[in-house]
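Not measured: the values here are computed from a predicted model.
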Amino acid sequence: MGVRRNNLFAYFRRASAPEAYKYLMLLLPGGTSFPEYAADKEYLTYKGAPFRLFREWARRDAAPLTTDSELATYHQRAEEDMRAENGDGTLFQLLLDYARHNLRFDDGTPMVRHDDLLGWQDITTLLGQDLLVCAFLAKKDTTGTPRVYDFTWPAIIPSDNAALRRVLEKGLAENHAHLFAAAQYFDLTWSALTNFYEEIDGIAAKITENLNDDPQDLSAKDWRLWLRRAALLRCALFGGPAGRDAGYGLLRSELKAPDAAREYPNRIGMLRNKFGFRFPEYNQPYDYAFTASLARDNIGHPNRALAGERHFLYMCFRGVFTGAFGGAQRQMFYLYLLIKSRFRGELVHSNRRAGFDNFARFHNRNAIIPDNSMYGGERICLAINSTLRDGSIKSLELRVSPRAKASENIINLEKIVSAQDSLGRSGKRRGSPFNVRPANGAPVPKNPEQEFFFVYHLPKGKETPPKLSDTLGGGLCLTPRNCRERSASRDKVLAIAEMLNRYRRAWTWIRGIDGCSAEIGCRPEVMAHAIRFISNFAPNPPVKSVLFVEKRRPPRIGKTFHAGEDFLDLVDGLRAVDEAMLFLNLGRGDRLGHAVALGLDAEEYYRRKASKITLRKQDTLDNLTWMLCRSAELGVRVKQDLDSRLRGIAGRIAQELYGGTEMSPEKFDLHNYFRAWKLRGDDPYAYFSGGYKSAEKQNRGILKHAQEYMDYALNGDGEITFCRNDEVAARLCKAYHFFGKVRTEGNKICSFAVAEDFVALARELQAAMRRRVSDKDIAVETNPTSNKLISTFGRYDKHPIFTFYSRHLDKAAGPQLYVSVNTDDQGVFSTSLRNEYALLSRALELVPDAGGAERYSRPQIRDWIDDVREMGMSQTFPAT
């Protein structure tokens, strides 16, 4: 990481907001009456900070340069940068300097220089892109150029790589995006808390733990206080550049005790009503910084919700660079930016922790936005219209959660589509292409290929221990594993089926089904029955064509499933991919979400784990059984010594789990157990009596379509029939699901060391599984930034997509998988679809060969990008 970026991190993200607050209280009128702030003479100011403070913040980002002497050079460089090139001698010059080196404008649209795209992604994930763009524009406009009035540039600035842009303009498909996390919900939340003082308490109450990696001087319990201070600072600063009275004397007392504030909360409301443009859709102002004069150039754009804060930042930077801001205002602005950047770290995935649980905490905070029509509408506008305003995106697949009732599902869909259609639209037929303007202002012709649609995703949930009330004598449970999630997925797909049967227009919007969220504790088997049913569902009677008399069936609901993303062991992730394929009957036209386990570097993975596996006993037994038996089926040779060791571990665990049950260990055989594993995609109740029982007798539902649902209780895959007739396998399947001892003992932890032969076998299994995926023509949805942050490989050039598909880059070794590039959660990861392609492109450009030169030529990289782009387009689930 460069020195400039390190210094920006230190002063605008790592720095202590309380230290900056102390100095501000001395600058405001009456500040000398607060001796508690005057006691410490080393303050953080808009002009910098003494080395002692700087060292505390910079050390974490400067590694491995961690000595005091080395950090002192960083500190000196920051001071020099503030004064260089006609610098104003303040920290704002650091932002301006970095922006000047990395931004350029093409026909009024900001673009980031491609050569520094990876560094730009790092720092703007932490600080946001608007801060740098607004600093650049404000300084530029003080040199005599016309002032900026259009603040609707893209939320994620594109790369200036013209050759890459020409490739992407051929057409892109977004095949994996979660609707409500696709909007810039940090920006919406920030607008809510700075414009509606009464919303701060509710927002702050939802921050129960700090997720960012910053020093804990702003702890979770302090957010209510500091968010109130941010709202007061913005209100006061809004008056500065325009010459309105900021009321600094009053502000000093309000900032010290914002809980007792009276004047400024009222002033915020008055500013909003006096200066804020009244949005006709909501009949109220959205932001006091979104003024009537601003509305002329911004109101019809899907990014309009971002324009008010951008305008505010721009005006504040103009105040700094023109000298209109005095010392107190500059310190207020700096403190405002510190609080904002730190709060951004609570909503945008920017910490250094890997794993799905960490990501889920960020993802779940997308619900922090106030629940009202204004913010809900703008959120949909940002997620859909702003994304599709990039004319290159021809297909936008959005994941949404189904509701419990058919009527609720159709109402929710209508709400989303209507909100999208009404914001900035005119004269458009719902469901038709978007009437939006590209960046150059030219109208976009109607294009039937440009559209959005929905995929319902069923959220996974971890297994809960069986209740005592759910057990019979002998420790037999009445309910199977993950009973709650099985019932919930059943009810949801039945509601979806009823909606599709009653509201035929829903076929226009619903094209797929997915199983999302955490994998650990919820295997693909849990949703197998539900997904098999809904993916084969046909309305009754079939849909009639408008133009023809004959009946026709709508296309089947497409299947995709999150698998091989979140796992505690690489082999466990491979097994999850296999289970998804087997239990959900995935085939041509279906997809796997993420599936990074198929392409991770096995040696590096186990080296990071110190060559040791620590898992639940149940997962260990399942993984070892799958590893040995599936290897034989896939033609992968297992060394005899390794085979004996792994069978010994599996046998000991089987004794601990099944000893004392009717399935005694002496009856246990690895191949019987493997066949029992294959039966897990069936409805567990088919084995409750101890052997296979026909599904027709297991109908426990009373809901509509329940009998049709039970028609898919058994896995129709051909290799399962033989297993189902194996009495021992059927009884093992019953024990797995319904024996309390097996479930309780299986949740206990065990560990064992792995040697090189185990790692080599895992690597060979990866290759064999990639061949299996390729042979079935199953596509893999990759999400580069999401995978980089959630998984453990940590770099774009290490992404498994380059293993999945290597044509044009290397001599193709092994099968070439059918892949696509997607965003997953644009708002969580601060990215866009174009940005994902650009990040991969730049990462490939930096890969060295054995001699240290560039390994891949630019034409090679463009050809690879173009292939992946085309594959993404061809993977779109078909319309009716």
Side-chain angles (χ1 to χ4, degrees), residues 3-4 6-59 61 71-98 127 131 135 138-139 214-215 217-218 226 229-230 232-234 236-237 240-241 246 248-249 251-252 254-256 313 316-342:
V3 175
R4 283 193 175 95
N6 267 324
N7 287 338
L8 278 177
F9 280 138
Y11 276 117
F12 288 92
R13 181 65 182 270
R14 306 302 188 203
S16 167
E19 289 290 340
Y21 171 76
K22 289 178 185 178
Y23 186 66
L24 174 60
M25 295 303 283
L26 293 177
L27 292 179
L28 293 176
T32 55
S33 64
F34 298 107
E36 65 268 32
Y37 301 125
D40 185 357
K41 298 301 182 184
E42 290 189 322
Y43 300 110
L44 172 58
T45 80
Y46 64 92
K47 295 182 180 180
F51 176 63
R52 181 184 66 80
L53 295 177
F54 175 86
R55 178 181 55 198
E56 295 175 5
W57 316 320
R59 187 177 298 278
D61 292 315
L71 291 174
T73 63
Y74 278 48
H75 187 244
Q76 181 179 341
R77 173 63 178 271
E79 292 180 331
E80 292 174 356
D81 285 347
M82 286 187 277
R83 296 188 296 270
E85 300 182 34
N86 299 316
D88 65 352
T90 72
L91 291 170
F92 304 108
Q93 186 69 26
L94 299 180
L95 288 168
L96 177 61
D97 186 56
Y98 189 78
L127 298 179
L131 192 60
K139 183 63 176 180
D214 298 334
D217 51 35
L218 300 189
W226 287 96
R229 283 175 173 162
L232 301 179
L233 288 167
R234 190 180 193 259
L237 285 167
Y248 291 150
L251 178 64
R252 172 183 49 76
E254 303 278 28
L255 283 175
K256 187 174 184 183
L313 294 174
C316 286
F317 278 117
R318 278 183 61 91
V320 168
F321 297 139
T322 62
F325 269 9
Q329 288 172 304
R330 293 184 182 204
Q331 188 69 9
M332 288 164 58
F333 185 38
Y334 178 46
L335 178 58
Y336 174 81
L337 296 180
L338 289 184
I339 300 171
K340 182 180 178 181
S341 66
R342 295 288 282 282

Backbone N/O of Leu255 and side chain of Arg229: donor-acceptor pair under 3.5 Å: yes
So which heavy atom on Leu335 is nearest to which on Ala17, and how close? CD1-O, 3.5 Å
Could you go through the side-chain contact (heavy atoms from CB on, under 4.5 Å) check for Leu131 and Phe317 one step at a time? CA-CA 9 Å; Leu131 192 60; Phe317 278 117; 3.9 Å; yes
Where is the tightest heavy-atom contact between Ala328 and Leu24, given as atom of each residue plus distance? O-CD1, 3.7 Å
Distance, nearest 0.5 Å, that separates CG of Asp97 from CZ of Arg4: 4.5 Å
Closest heavy-atom contact between Leu237 and Cys316? CB-SG, 4.2 Å
Would you give the length of the straight line joining atom CG of Asp81 to atom CG of Leu95, rounded to the nearest 0.5 angstrom? 11.5 Å
Pairwise distance CZ(Arg234) to CD1(Ile339) - rounded to 0.5 angstrom: 13.5 Å
Quick one: sort the Phe325 and Phe333 rings into parallel, tilted or perpendicular, breaks at 30° and 60°. perpendicular
Scanning both residues in full, the closest heavy-atom pair of Tyr11 with Ala78 reads CE1-CB, 4.0 Å
Thr90 and Phe321, any side-chain heavy atoms less than 4.5 Å apart: no
I need the single residue from His75, Gln76, Glu56 that forms a side-chain contact (heavy atoms from CB on, under 4.5 Å) with Phe51. Which is it? His75
Candidate list Lys47, Met82, Arg330, test side-chain contact (heavy atoms from CB on, under 4.5 Å), partner Leu91, passing option: Met82
Name all residues meeting the salt bridge (Lys or Arg N to Asp or Glu O under 4.0 Å) criterion together with Arg318; count only those two or more places apart in sequence or in a different chain, and write none if there are none. none
Side chains of Trp57 and Phe9: closer than 4.5 Å at any heavy-atom pair? no
Tell me, do Lys256 and Arg252 make a side-chain contact under 4.5 Å, heavy atoms counted? no
Minimal non-hydrogen separation, Leu251 against Ala236, with atom names: CD2-CB, 3.6 Å
Is a donor on one side and an acceptor on the other found under 3.5 Å between the side chain of Asn7 and the backbone of Tyr74? yes
Heavy-atom donor-acceptor pair, Arg342 side chain to Ala15 backbone, under 3.5 Å: yes
Could Lys22 and Tyr43 be counted as a cation-pi pair, given that NZ or CZ must be under 6.0 Å from the ring centre and within 45° of the axis? no
Any donor-acceptor pair under 3.5 Å from Gln331 side chain to Leu44 backbone: yes
What pair of heavy atoms forms the shortest contact from Gln93 to Asp88, and how long is it? OE1-N, 3.5 Å
Only counting residues at least two apart or in another chain, list the ones meeting side chain to side chain contact (heavy atoms under 4.5 Å, CB included) with Ser341. Arg13, Leu127
Lys/Arg N to Asp/Glu carboxylate O, Arg83 vs Glu79, below 4.0 Å: no
Any side-chain heavy atom of Leu218 within less than 4.5 Å of one from Ser16? no
Heavy-atom side-chain contact between Thr45 and Leu27 under 4.5 Å: no
Whether Tyr21 and Trp226 hold their rings parallel, tilted or perpendicular, with breakpoints at 30° and 60°: perpendicular
